Amino acid sequence: MSQGPSLKRTHYCGDLRLADRGTQVSLNGWVKRRRDHGGVIFVDLRDRTGITQVVFDPQIDEKSHAIADAVRSEYVLHVSGTVREREPGELLFHADAAYQTELTDGNLSSAFRTLFSDADPKYALSDDIEVATRELGARWLLTDLENNRTYHIANEDIDGENRLGIYQGTVNPELDTGEIELAVDVLRILNTAKTPPFPVEDEIDVAEDIRMRYRFIDLRRPEMQETLAMRHKAALAARNYMNEQGFLEIETPILMNSTPEGARDVLVPSRHYPGRFYALPQSPQQFKQILMMSGVDRYFQIARCFRDEDTRADRQLEFTQLDIEMSFAGVDDVLDVTEGLMKRIFEEAGNIPVEIPFLRLPYHESIARFGNDKPDTRFGMELTDVSDVMADCDFQVFTRTLETGGQVKAIAAPGGADFSRKDIDDLTKFVAIYRAKGLAWVKVTADGFSSGIVKFFTTEQLETAQARTGAKPGDIMFFVADKPNIVADALGNLRLHLGKQLNLIDETQYNFLWIVDYPLFEWKEEESRYEPFHHLFTGCTEETLPLLDTDPGNVQSQHYDLVCNGYEICSGSVRIHQWDVQQKVFDVLEITPEDVENRFGYFIDALAYGTPPHAGIAPGLDRIVMLMRNEENIREVIAFPKSQQGLCPLTHAPSVVADEQLEELSIRVDADL
RNA sequence: GGGCUCGUGGCGCAGUUGGUCUAGCGCGCCUGCCUGUCACGCAGGAGGUCGCGGGUUCAAGUCCCGUCGGGCCCGCCA
């Protein structure tokens with residue numbers, strides 16, 4: 001077998017700097033763009049680190065120049081040559097040598113500046129000027145950052161007179177490698193490429209399905225490479241941190257038992273046991289608890305999780321959790337470790353400073369103030385209850401709702417007094433999504449209150465509402481009257497909607513906070529029974545433990561969520577470690593002993609063999625990276641995400657399988673294919 | 001399960017009340033010219049039957065029904 005020529009590179013495309021000038025280097029990369037000037041050809045060569053301009057000049061190497069003629073976008077090249085400083089371009093004008101001192105202190109006089117604009121108005125200098133000394137007292141590089149131009153300035157001897165020659169610069173201030181270029185003497189086209197369906201660069205305006213179909217091209221784009229790298233760094237930081245904290249990384253099965261609770265399982269048929277199925281883990285919940293029972297003490301895993309539910313912008317069918325569990329630990333222990341982990345990840349991978357400890361907000365307070373348990377606290381506009389004042393107003397929409405156990409709450413939108421009829425109609429439609437029957441509003445103006453419904457209220461009632469919402473003249477107050485959960489949903493989402501619309505959110509901020517003191521159970525009206533608020537194994541506080549027998553609705557769990565900028569990024573709890581407590585939870589949930597035995601028999605059994613108190617948490621890696629990258633879509637931070645309908649746009653999974661495969665699995669498909 | 005929305009050359013879009021639409025624009029692509037560009041420039045050129053199916057009509061990219069695909073959301077997501 002013959003061995004091909006060397007593919008070895010000496011540098012990556014983002015590596016070379018002025019200090020490397022004169023050296024002989026080799027690069028591999030993709031052609032970002034080719035500019036053919038007839039005599040000389042420029043190619044921007046790209047790899048995951050950056051771009052280097054490579055030059056094909058017949059005077060350097062005729063053969064390379066000839067080959068470069070055929071090069072097109074996304075061709076794969078190997079080039080060798082000499083790194084050289086980008087030389088001065090055309091002479092623009094000469095200036096008095098006296099201006100030299102201005103270059104030295106980088107403070108240009110208006111007289112000197114005028115020379116530039118006189119040469120051509122397009123050379124008029126901005127105030128954003130940088131001067132770099134290339135040779136002491138002899139050569140300078142002047143960069144106009146605002147206009148993206150550079151000038152080479154050289155101290156020259158013209159007819160025995162000392163003058164400054166001002167040349168058009170060829171340095172590209174937008175490139176890290178912009179001060180150099182590679183003069184190529186060896187070019188090998190390693191592969192050709194069809195014209196890509198979209199350009200490989202940032203800020204492209206292309207439909208997402210096109211990007212997904214050609215994900216291998218999309219991922220070449222610098223911002224995608226940056227995301228991939230950041231995700232890697234986040235996982236690495238997490239691994240290092242967890243290791244330092246004494247956690248062992250342990251893998252748990254991907255093929256496990258189906259659990260009917262919670263999300264739908266992704267099922268895998270068993271060949272050996274016809275009619276039986278494995279389930280992919282929704283999370284390694286039971287296994288991580290069993291690891292605690294197994295004396296592992298501290299476990300973590302970067303675990304893939306599967307939930308067969310409909311997707312959202314921040315939800316995928318499969319996603320990744322940093323799964324954590326620790327023995328002999330209570331709430332504070334887990335929160336401490338997690339805070340350290342978040343700080344480490346955000347600072348190391350995202351270069352985002354994080355202040356710890358994080359605030360802790362009780363669940364009920366979060367619902368009351370923000371309408372949900374994942375508040376975006378980067379802006380105000382908090383919900384406020386005005387039920388008490390509105391109880392005796394003349395607005396029947398409010399009073400009737402209050403009489404039937406409902407609630408009236410309000411928020412104030414800054415500047416909302418300018419909202420048009422249509423603006424408000426749109427917002428009314430918006431809250432209708434959350435089943436709110438209407439949206440009452442009152443504008444606060446310099447002359448008082450303004451609205452069609454002002455007549456139903458006393459001035460005092462509206463003034464109280466104004467005081468509580470903090471509305472100022474020029475603002476608008478919105479009211480929703482309904483059942484508490486609808487009020488919370490509608491106003492909580494309206495708050496977010498307006499926060500975005502009115503630009504109230506500081507995108508540079510990262511507001512972490514814990515949501516704590518969740519209830520253990522939720523009463524399901526329709527089925528008139530309790531359901532776990534989170535899952536079956538969540539423990540409760542010692543104080544409310546007795547209520548398991550008497551008043552399950554008021555049992556307080558030891559669950560906690562970590563929220564950042566309106567996203568739930570971690571979720572966890574202290575677990576039940578006592579057999580009898582676990583049994584009581586099953587009782588409250590009316591799970592029969594038979595069911596318990598069938599579904600959790602092994603688990604209950606294990607609990608009885610000396611289970612240490614333990615607690616855990618599971619930070620969502622995808623959402624963390626999403627936050628660090630300031631993305632609003634989870635697909636942007638997953639290399640190969642699925643579409644909303646669960647299709648892989650690249651491989652077209654899921655696919656039809658051969659009849660023989662189905663036969664082996666004893667599966668008959670009841671669907672038109 | 002449901003609501004909203006998008007689908008026109010490779011990409012991004014325009015296409016009024018159905019009638020010079022014999023489907024237009026920008027980018028990209030191809031050919032030629034050009035030795036300092038970096039969104040190079042100049043000249044010329046190719047390329048789409050309007051997601052798919054059916055219907056209304058003298059006439060459909062345009063109206064109606066269905067369907068497929070993408071997206072956002074409600075439900076769902078312990």
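Given the structure is predicted, the values throughout are model-derived calculations rather than measurements. Letters A, B, ... are given to chains in the order of the sequence lines, protein chains preceding strands, and every chain is numbered from 1.
- Here N493(A) does not reach the OP1 or OP2 of C73(B): none of its side-chain N or O atoms lies under 4.0 Å away.
- When the nucleotides C34(B), G71(B), U35(B) are ranked by their closest atom to the side chain of D36(A), C34(B) comes out on top.
- For the pairing with E74(A), the salt bridge (Lys or Arg N to Asp or Glu O under 4.0 Å) check across R33(A), R46(A), K32(A), R34(A) returns one residue only, R46(A).
- OP1 or OP2 of U37(B) sits under 4.0 Å from a side-chain N or O of Q168(A).
- With distances taken from any side-chain atom of V206(A) to the nucleotides G71(B), C11(B), G75(B), the minimum falls on C11(B).
- Only the C1' atoms considered, G9(B) is 11 Å distant from C29(B), to the nearest whole Å.
- To the nearest 0.5 angstrom, Q501(A) atom CD is 6.0 Å from L427(A) atom CG.
- For S643(A) and G70(B), the shortest distance from a side-chain N or O to OP1 or OP2 is below 4.0 Å.
- For F42(A) and U37(B), the ring-to-base geometry satisfies the stacking test (centroid distance below 5.5 Å, interplanar angle below 30°).
- Look at Q644(A) and you'll find a side-chain N or O under 4.0 angstrom from OP1 or OP2 of C72(B).
- At the heavy-atom level, I51(A) lies nowhere under 4.0 Å from the strands shown.
- Below the 3.5 angstrom threshold, one finds no donor paired with an acceptor across the side chain of R72(A) and the base of C30(B).
- Comparing C72(B), C76(B), C77(B) by their nearest atom to the side chain of D310(A) picks out C76(B).
- Using a 3.5 Å distance cut-off with no hydrogens or angles, the side chains of Y299(A) and D323(A) do pair a donor with an acceptor.
- Residue contacts for G262(A): at a heavy-atom cut-off of 4.0 Å it reaches the sugar-phosphate backbone alone, with no base atom in range.
- No more than 12 heavy atoms of other residues, nucleotides or ligands sit less than 6.0 Å from atom OH of Y278(A).
- The base of C77(B) is paired with the side chain of R315(A) by a donor and an acceptor separated by under 3.5 Å.
- Of the listed nucleotides (G70(B), U35(B), C74(B)), U35(B) has the atom at the smallest distance from the side chain of Q59(A).
- Taking atom C1' on both U20(B) and G61(B), the two are 16 Å apart, rounded to the nearest angstrom.
- The listed nucleotides are G69(B), G12(B), U35(B); the one nearest the side chain of D205(A) is G12(B).
- Contact annotation for T195(A): backbone-only contact, meaning every heavy-atom pair under 4.0 Å involves sugar-phosphate atoms and none involves a base.
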